[in-house]
Amino acid sequence: MSKIYYKSLEEIELIRESSMLVSKTLVEVAKVIKAGMTTIQLDKLAYEFISDHGAIPAFLNYNGFPNSLCISPNEQVVHGFPSEYVIQEGDLISVDCGVIKNNYFGDSAYTFSIGEIDAEKQKLVEVTKRCLELGIEKAVVGMRIGDIGFAVQQYAEANGFGVVRELVGHGVGVKLHEKPEVPNYGKRGAGPKLEEGMVIAIEPMINAGVAGVKFHNDGWTVTSKDNKPSAHFEHTVAVKKGKADVLSTFSIIEEVLQQKK
């Protein structure tokens with residue numbers, strides 16, 4: 001799909017349904033995630049939850065990826081394999097999830113803080129989440145892709161953090177990855193024009209230290225170059241006039257996390 005695929009209102013509602021199922025899957029993760037459990041346990045839970053809701057995990061077998069979730073602790077940026085890794089107090093655990101329901105894709109990611117985290121990680125999580133909000137504010141008709149990237153980059157770098165350049169957001173809906181690419185850096189007024197019917201995944205990946213990353217030999221795992229922590233938040237967003245329509249949600253995840261405190 002080399003051209004941008006514009007969605008009808010009906011298609012956007014189907015993408016919303018898939019995206020909300022992603023958010024509900026992340027709620028199931030939020031309910032149980034804690035120090036002492038393994039990341040593969042979270043993956044099994046997600047597979048069962050998605051399957052029970054008449055959907056398919058979008059990541060499972062995607063280009064050979066063997067799991068339903070990408071789970072990336074601490075210095076892992078994205079695409080981490082669920083494994084026998086035992087979650088520790090003080091970890092940051094980024095969980096990325098996608099589903100296919102009624103042939104439409106939803107995609108969202110949330111970085112979970114396990115127990116008490118240090119001040120650097122706390123700031124990283126808050127800044128990355130705010131970067132996502134600032135990017136979404138620019139996802140309106142008449143803006144350009146570069147305006148989203150500029151908003152994310154400016155805020156992250158003003159806070160002393162590195163913006164990952166090798167991995168980007170993307171169009172989503174009919175496929176998991178569509179045009180256009182949505183970088184987390186850029187120039188205002190540059191790139192494709194945002195128009196009604198575009199559905200994009202905006203996903204800041206922000207490193208506590210340098211922007212650079214390392215790609216591992218397994219073909220998937222990506223870590224920060226200096227092994228400092230990384231955070232990742234993602235929403236599926238429909239471009240609209242005046243204000244973007246966010247199709248996934250964090251509010252139900254955060255309600256659960258609040259109750260656990």
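A salt bridge links Glu254 and Lys129; the closest N-O separation between the charged side-chain nitrogens and carboxylate oxygens is under 4.0 Å. Using a cut-off of 4.0 Å between Lys/Arg side-chain N and Asp/Glu carboxylate O, Glu166 and Lys214 are scored as not salt-bridged. Lys228 and Glu120 are joined by a salt bridge, as a carboxylate oxygen and a charged side-chain nitrogen come within less than 4.0 angstrom of each other. For Lys123 and Glu126, the salt-bridge test fails: no basic side-chain N is under 4.0 Å from an acidic carboxylate O. Using a cutoff of 4.0 Å between basic side-chain nitrogens and carboxylate oxygens, Asp147 and Lys187 are not scored as salt-bridged.
Of the N and O atoms on the side chains of Tyr85 and Asp91, at least one donor lies less than 3.5 Å from an acceptor on the other residue. When only modelled atom types and interatomic distance are considered, Asn207 and Ser230 share a side-chain donor-acceptor pair under 3.5 Å. For the 3.5 Å distance criterion, the side chains of Tyr110 and His235 fail to qualify, holding no donor opposite an acceptor. Residues Ser72 and His232 have side chains that never bring a donor and an acceptor to within less than 3.5 angstrom of each other. Side chains of Asp107 and His170: a donor on one and an acceptor on the other come within 3.5 Å. When only modelled atom types and interatomic distance are considered, Tyr104 and Glu17 share no side-chain donor-acceptor pair under 3.5 Å.
Side-chain atoms of Lys121 come within 3.5 Å of backbone atoms of Gly90 as a donor-acceptor pair (strictly under, hydrogens ignored). In terms of modelled atom types and a separation under 3.5 Å, the side chain of Lys260 and the main chain of Ala30 share a donor-acceptor contact. Side chain of Asp245 to main chain of Ala238: no donor-acceptor pair is present (N/O by atom type, distance under 3.5 Å, no hydrogens or angles). At least one donor-acceptor pair closer than 3.5 Å links the side chain of Asn184 to the backbone N or O of Glu203. In this structure, Glu157 contributes its side chain and Gln154 its backbone to no donor-acceptor pair below 3.5 Å.
In terms of hydrophobic clustering, with Ile, Leu, Val, Met, Phe, Trp and Tyr side chains grouped at heavy-atom distances under 4.5 Å, Ile56 and Leu60 are assigned to different clusters. Both Leu92 and Met37 are part of a single hydrophobic cluster, where members link through side-chain heavy atoms under 4.5 Å apart. Two different hydrophobic clusters hold Val78 and Val95 under the rule that ILVMFWY side chains link at heavy-atom gaps under 4.5 Å.
In this structure, NZ in Lys24 is found 12.0 Å from CD1 in Ile253, a value given to the nearest 0.5 Å. Between atom CG of residue Leu42 and atom CD1 of residue Ile71 there is a gap of 4.5 Å, rounded to the nearest 0.5 Å. In this structure, SG on Cys70 lies 5.0 Å from CG on Asp96, to the nearest 0.5 angstrom. Between atom CD of residue Glu234 and atom OG of residue Ser248 there is a gap of 7.5 Å, rounded to the nearest 0.5 Å. Remark: Lys44 NZ to Asn67 CG distance equals 10.0 Å, nearest 0.5 Å. Atoms CG and CD, on Asn227 and Gln76 in that order, are 10.5 Å from each other to the nearest 0.5 Å.
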Exercise for review: Assess whether side-chain contact (heavy atoms from CB on, under 4.5 Å) is satisfied between Ile148 and Leu134, documenting all intermediate values.
Suggested key: CA-CA 8 Å; Ile148 296 173; Leu134 292 168; over 6 Å; no

Exercise for review: Might you work through the side-chain contact (heavy atoms from CB on, under 4.5 Å) test for Ile87 and Thr38, ending with a clear yes or no?
Suggested key: CA-CA 6 Å; Ile87 297 169; Thr38 63; over 6 Å; no

**Study point:** side-chain contact (heavy atoms from CB on, under 4.5 Å) evaluation trace for His79 with Thr221
**Key:** CA-CA 5 Å; His79 303 161; Thr221 310; over 6 Å; no

**Study point:** From CA spacing to verdict: side-chain contact (heavy atoms from CB on, under 4.5 Å), Leu14, Lys101
**Key:** CA-CA 8 Å; Leu14 288 164; Lys101 189 167 187 191; over 6 Å; no

Exercise for review: Assess whether salt bridge (charged side-chain N to carboxylate O under 4.0 Å, His left out) is satisfied between Glu11 and Arg16, documenting all intermediate values.
Suggested key: CA-CA 9 Å; Glu11 287 179 303; Arg16 189 192 310 277; over 6 Å; no

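For the side-chain contact (heavy atoms from CB on, under 4.5 Å) with Ser94, the qualifying choice from Asn74, Thr128, Thr111 is Thr111, the only one to do so.
Taking the six-membered ring where the residue is Trp, the centroids of Phe65 and Phe81 are separated by under 6.0 Å.
For the pair Lys175 and Tyr5, the cation-pi criterion (under 6.0 Å, within 45° of the ring axis) is not fulfilled.
Nearest approach of Phe49 to Thr25, heavy atoms of both residues: CD2-OG1, 3.4 Å.
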